[in-house]
Enquirer: 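Below is a structure I'd like to ask you about.
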Amino acid sequence: MQQYKEDDIEKRLRDPETQRDAFAEVVAAYSEKLYWQIRRMVLGHEDANDILQNTFLKAWLNLDNFRGEAKLSTWMYKIAVNECITFLNKQRATNNVPLDDTDVYLLQTLTADEYFDGDAIEKKLQEAILCLPEKQRLVFTMKYYENMKYEDMSEILGTSVGALKASYHHAVKKIETFLTNDI
């Protein structure tokens, strides 16, 4: 397989002759990154795998709607984030979880997941992250774990760069407070 080049892939995705092979390269290029972004939002391995599959399916079915106004990677992340939010909202409704109790529900999901291999420190960090409002949690995970640029986050989340920087700053402060108050 040749080295992945987003501009080349976009051209090949538009051509019916090369579309399948190009999409296979997209899947190969983004599977791991998207999986971990999804996993950090929903916490469960099985749920993350299902959402990842839904993300790629939705991308495949909507390739004709991709106009190249944003980067392909940004478009893929946007689909994944939207799929996560839809999933979490369905989980909350199914389990009758009030919005302010989401962190407890997700923490139970984390600790019950047989694939969670973090130590006590990682669990404590996850608890701190789960205490954040959903938007701050999303911004924090994108910046902290993915080192994503604010400009890319802005396109994915439809929020200004300034607001994202403020969200990240507030999230970091809340996590620091959570972690230091517990010592």
Side-chain angles (χ1 to χ4, degrees), residues 13 23-24 26-66 70-118 122-150 152-159 163-164 167-168 170-172 174-175 178:
L13 284 171
F23 194 75
V26 169
V27 171
Y30 293 111
S31 286
E32 187 173 350
K33 283 185 173 192
L34 287 175
Y35 168 83
W36 284 109
Q37 179 61 43
I38 293 166
R39 176 81 184 265
R40 288 183 193 102
M41 288 181 70
V42 301
L43 302 180
H45 169 70
E46 296 299 330
D47 294 334
N49 272 338
D50 290 346
I51 294 168
L52 180 63
Q53 294 305 312
N54 289 344
T55 298
F56 285 124
L57 179 62
K58 194 165 263 187
W60 174 253
L61 294 174
N62 289 288
L63 272 178
D64 292 339
N65 298 333
F66 178 70
K71 293 189 296 188
L72 181 63
S73 57
T74 304
W75 186 64
M76 295 297 299
Y77 268 92
K78 188 171 196 161
I79 294 171
V81 166
N82 288 336
E83 287 295 304
C84 288
I85 291 169
T86 300
F87 172 82
L88 289 171
N89 288 337
K90 284 181 185 174
Q91 289 299 102
R92 289 177 189 131
T94 301
N95 295 304
N96 296 317
V97 177
L99 286 177
D100 57 352
D101 289 344
T102 304
D103 55 311
V104 174
Y105 169 72
L106 286 174
L107 184 59
Q108 290 170 343
T109 301
L110 174 70
T111 55
D113 186 357
E114 65 185 87
Y115 295 100
F116 177 72
D117 61 355
E122 176 66 22
K123 184 176 178 229
K124 201 68 179 163
L125 176 60
Q126 290 303 318
E127 284 179 45
I129 293 169
L130 291 173
C131 289
L132 298 172
E134 190 170 275
K135 183 87 167 210
Q136 283 181 7
R137 184 169 57 235
L138 185 55
V139 171
F140 180 82
T141 58
M142 289 176 142
K143 187 67 179 164
Y144 180 79
Y145 289 107
E146 299 288 330
N147 199 21
M148 192 176 287
K149 294 177 182 173
Y150 287 111
D152 292 339
M153 280 191 268
S154 177
E155 287 186 43
I156 293 166
L157 301 174
T159 306
L164 292 168
S167 285
Y168 182 74
H170 291 304
V172 168
K174 288 177 183 176
I175 290 170
F178 182 92

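Scope of the values below: all heavy atoms of this structure, side chains included, with no hydrogens, waters or symmetry mates.
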Enquirer: In Å, rounded to the nearest 0.5 Å, how long is the span from CD of Q37 to CD of E32?
Expert: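 The CD atom of Q37 sits 13.0 Å away from the CD atom of E32.
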Enquirer: Do V172 and K143 touch side chain to side chain, with heavy atoms closer than 4.5 Å?
Expert: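 V172 vs K143: side chains apart.
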Enquirer: Going through the distances and angles, do I85 and M41 end up as a side chain to side chain contact (heavy atoms under 4.5 Å, CB included)?
Expert: CA-CA 8 Å; I85 291 169; M41 288 181 70; 4.2 Å; yes
Enquirer: Quick one: side chain to side chain contact (heavy atoms under 4.5 Å, CB included) partners of N62, sequence neighbours excluded?
Expert: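 So N62 forms a side chain to side chain contact (heavy atoms under 4.5 Å, CB included) with K58, N65, W75.
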Enquirer: Counting C-beta onward and ignoring hydrogens, is there a side-chain heavy-atom pair between M76 and K33 closer than 4.5 Å?
Expert: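 Counting from C-beta outward, M76 and K33 never come under 4.5 Å.
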Enquirer: Going through the checks in order, is the side chain to side chain contact (heavy atoms under 4.5 Å, CB included) test met by M153 and Y77?
Expert: CA-CA 9 Å; M153 280 191 268; Y77 268 92; over 6 Å; no
Enquirer: With a 3.5 Å distance limit and no angle check, can you tell me whether T141 reaches the backbone of R137 through a side-chain donor-acceptor pair?
Expert: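 Side chain of T141 to backbone of R137, a donor-acceptor pair under 3.5 Å: yes, one is there.
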Enquirer: Is it true that, when you exclude F66 itself, more than 12 heavy atoms of the residues, nucleotides or ligands shown sit nearer than 6.0 Å to its CZ?
Expert: yes
Enquirer: Do V42 and Q91 have side chains that get closer than 4.5 Å, going by heavy atoms?
Expert: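 Not in contact.
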Enquirer: Go through the side-chain N and O atoms of K135 and T159 and say whether any donor and acceptor fall under 3.5 Å apart.
Expert: yes
Enquirer: What I'd like to find out is whether the side chain of S73 reaches to under 4.5 Å of the side chain of E155, using heavy atoms alone.
Expert: no
Enquirer: Could I get the full list of side-chain hydrogen bond (donor to acceptor under 3.5 Å, both in side chains) partners for N54, not counting sequence neighbours?
Expert: none
Enquirer: Answer whether the closest heavy-atom distance between the side chains of T86 and K90 falls below 4.5 Å.
Expert: yes
Enquirer: Can you name the nearest heavy-atom pair linking F23 to F56, along with the distance?
Expert: CZ-O, 3.3 Å
Enquirer: Kindly indicate whether the side chain of E134, heavy atoms from C-beta on, has any atom under 4.5 Å from the side chain of L88.
Expert: yes
Enquirer: Is the closest side-chain heavy-atom distance between M142 and Y150 below 4.5 Å?
Expert: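 Contact flag for M142/Y150 side chains = no.
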Enquirer: Taking only residues two or more places apart in sequence, or in another chain, which ones meet T74 in a side-chain hydrogen bond (donor to acceptor under 3.5 Å, both in side chains)?
Expert: none
